[in-house]
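Read the structure below first, then the notes.
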2 protein chains.
Amino acid sequence: MNGDWKPGQRIPIEHELAEQYRCSRMTVNKALSALAERGMILRRRKAGSFVAAQQIDRTVMDIQDISTEAELAGHEHDHRILKRRIERLDASGAALLGEKPGGEILRLQCLHLVDGKPNAIERRIIMLDAVPLARSESFASVPPAKWLLAQVPWSKARHIIRAVSADPATARLLETERGDACLTLIRQTWQNGRTVTYVEITHPGDRFQFAGDFQPAEPDISDHSPRRHAT
Amino acid sequence: MNGDWKPGQRIPIEHELAEQYRCSRMTVNKALSALAERGMILRRRKAGSFVAAQQIDRTVMDIQDISTEAELAGHEHDHRILKRRIERLDASGAALLGEKPGGEILRLQCLHLVDGKPNAIERRIIMLDAVPLARSESFASVPPAKWLLAQVPWSKARHIIRAVSADPATARLLETERGDACLTLIRQTWQNGRTVTYVEITHPGDRFQFAGDFQPAEPDISDHSPRRHAT
DNA sequence: TATATCTATTTGTATAGACAAAAACGGGCC
DNA sequence: GGCCCGTTTTTGTCTATACAAATAGATATA
C-alpha cells in the first residue's frame with residue numbers, strides 16, 4: 001500500500017502485479033477479488049481492473065436478537081408475551097408481507113426488558129405453514145427471535161430501520177413519553193422464497209442505536225510475505 | 001445443498017468433502033472460507049468446521065451520500081450552505097471525535113432539499129490538516145459529502161443510526177413539528193488512523209428509512225461443476 | 001492430580017499450470 | 001460509415017502439491 005490510486009485509474013494486470021511483487025498470479029487474483037468484493041475496485045475481463053469511481057459507503061451491521069445482544073453486553077434480559085393469537089392473514093397484512101392472504105399466522109406481541117427496564121416492543125407475525133411448530137409454542141421461556149433462530153434457518157433477510165414517534169400504547173409500554181422518537185427495526189426473513197416471519201421491533205430512541213463499521217481491505221500486496229493473509 | 005445442517009454440527013473435513021464432491025481441497029477450502037467469512041460456519045484448526053450456533057443477523061447497508069442517492073432514484077437534489085466557519089477543535093469536540101483538541105476544523109451546516117422539500121440537515125466537521133483543500137472550498141455547487149468523496153479516499157468508516165426528537169431549530173429547517181421523530185445518521189471516516197470528517201445527517205422520520213439485505217451464501221458445493229462459482 | 005511436552009490432525013495459504021469465459025479490438029465486408 | 005466475426009487480452013476458476021500454523025488429544029513428568 002504505497003501511493004493511493006485515484007478513482008478510475010487502471011490497475012496493472014494480474015500478471016504484472018505478480019511479477020512485481022514476486023508472487024503467483026493466484027495470490028494477486030485472490031487479493032484483487034477481495035477488493036472487488038468490497039467494492040474498492042471494479043474488474044472487467046479483457047478491460048482490466050479499475051479503482052472504483054465512487055467509494056460506495058457500505059457498512060456491515062450486526063443486527064442481533066435483543067436477548068443475545070443483552071447477554072453479550074453483560075446485561076440481564078427478560079421478556080413478557082403480551083399477545084399471542086392465531087389468525088388468518090388479511091389483505092393488508094398480505095400486502096405488507098408480499099404473500100397471499102388467507103394463510104394461518106401467529107401474531108405475537110412481546111415486551112423486552114433489559115436490566116428490568118423496558119427496552120423494546122416486538123410485534124411479530126409468524127407464518128404457521130412455514131413454522132408449524134410455532135403453533136404449540138408459548139414463547140414464555142425463550143423469546144420468539146431466539147426460538148425461531150434455533151428452529152428455522154432462514155435463507156434471506158431484509159432489514160429496514162425507521163424513526164417513528166411513539167404512539168400512546170407504545171409509549172406506555174416503553175415507559176416513555178407519547179410522541180418520543182423511537183427507533184424501529186423491521187425484519188422480514190424468508191426461506192426458499194417464502195416468508196418465515198415478519199417483525200417490527202421498536203426501541204425508545206434515547207436507549208438505543210445501531211452501529212456499523214466498514215474497514216475496506218487494504219491493498220497490501222506490497223507488504224506481501226509468504227506467511228501473511230493476502231485478503 | 002442437500003439437507004440443512006444443524007447448528008453446532010461438525011462438517012466433514014476438507015479432504016473428505018473434496019473426495020465426496022470430486023474436486024480439489026482448494027476448491028472446498030475456498031467455498032468453506034467464504035461461508036466462514038459470512039458467519040455461516042466457524043472454523044478452527046485441528047478441531048474442524050462447525051455450523052454456526054447462532055445465525056448472526058448481519059446485514060449490509062449501502063449508505064450513500066444524499067445527492068447521489070436522490071439522483072439514482074430520479075429525484076431532484078439541491079443544497080444550501082447555512083453555516084461555514086473555521087474554528088479550533090475544543091475539548092468536547094475532541095472527545096467526540098477521539099482526536100486531540102486545538103487542531104483547525106471547518107464546521108459546516110447544510111440543508112438538503114429533495115424535489116424542493118427539506119430532506120436532511122447535515123452538520124459536519126472537516127479536519128483541515130487532513131483536508132487542507134477544504135479551506136478554500138465554498139461547497140456552493142458540490143455538496144460536502146460528494147466533494148470529500150472525490151477529494152479524500154477514506155480507509156475506515158463508522159456509522160451510527162439513531163432516532164432523535166427534532167429540536168426547535170431542526171424542526172423549523174426540516175419543516176416538521178418540534179419533537180417529531182428524526183433519523184440521524186452519524187458517520188466518521190478516517191484515513192490512516194486520523195479522522196477526516198465527522199458528520200451528523202438528520203432526516204425527518206416520516207420521509208426516510210434505511211434498508212439492507214442479507215443473502216447468505218448457499219453451501220452449493222454439491223452442485224459444483226468445473227465452470228461455476230464455488231463461492 | 002495437575003502440568004508440561006509431544007504428536008497428529010485440520011485448517012490456512014502459497015505456487016505453477018491449465019483452461020474457460022467475457023469482451024475489447026481489429027479486419028473484412030456490405 | 002456500420003455490421004459481423006475471429007483474435008487476443010484479461011479475468012475467473014480449478015487442480016495438484018507443498019508447507020506453515022494452530023491446537024486437540026495423548027503422553028510424559030512432577
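The basis for the numbers below is simple: all heavy atoms, side chains too, and nothing from hydrogens, waters or symmetry mates. A note on names: the letters A, B, ... follow the listed sequences, proteins ahead of strands, and every chain is numbered from 1.
Comparing atom distances between the B:Arg25 side chain and each of C:dT10, D:dT10, C:dT11 picks out C:dT11 as nearest. Of the candidates C:dG12, D:dG12, C:dA16, the closest approach to any side-chain atom of A:Met26 belongs to C:dA16.
With 3.5 Å as the limit, one finds no donor-acceptor pair spanning the side chains of B:Asn119 and B:His112. Side-chain atoms of A:Thr197 and A:Gln188 form no donor-acceptor pair, as typed in the model, at a separation below 3.5 Å.
A salt bridge links A:Glu14 and A:Arg43; the closest N-O separation between the charged side-chain nitrogens and carboxylate oxygens is under 4.0 Å. Checked for salt-bridge contact, B:Glu122 and B:Arg187 miss the test: no charged N lies under 4.0 Å from a carboxylate O.
The distance from atom NE2 of A:His15 to atom P of D:dG12 is 17 Å, rounded to the nearest whole Å. With rounding to whole Å, B:Leu32 atom CG is found 8 Å from C:dT11 atom P. At whole-Å resolution of the value, CD in A:Glu14 and P in D:dT10 are 11 Å apart.
In this structure, the side chain of B:Arg44 does not engage the main chain of B:Phe50 through any donor-acceptor pair within 3.5 Å.
Remark: A:Glu200 engages A:Thr184, A:Ile186, A:Tyr198 in a side chain to side chain contact (heavy atoms under 4.5 Å, CB included) (not counting sequence neighbours).
A 4.5 Å side-chain heavy-atom check between A:Ile160 and A:Arg162 finds at least one atom pair inside the cut-off.
For A:Ser49 and D:dT11, the shortest distance from a side-chain N or O to OP1 or OP2 is below 4.0 Å. Taking only side-chain nitrogens and oxygens, A:Thr27 comes nearer than 4.0 Å to OP1 or OP2 of C:dT15. At the phosphate of C:dT10, OP1 or OP2 sits under 4.0 Å from a side-chain N or O atom of B:Arg10.
Summary of helix geometry: the two end axes of the helix from C:dT1-D:dA30 to C:dC30-D:dG1, each defined by five base pairs via their C1' atoms, are inclined to each other by 20° (rounded to 10°).
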Distances under 3.5 Å between nitrogen or oxygen atoms of protein and nucleotides 22-25 of chain D:
from   : atom 1 : to      : atom 2 : distance (Å)
D:dA22 : O4'    : B:Arg45 : NH1    : 3.2

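The aromatic rings of B:Phe208 and B:Phe210 sit perpendicular, their planes meeting at an angle over 60°, well past the 30° parallel limit.
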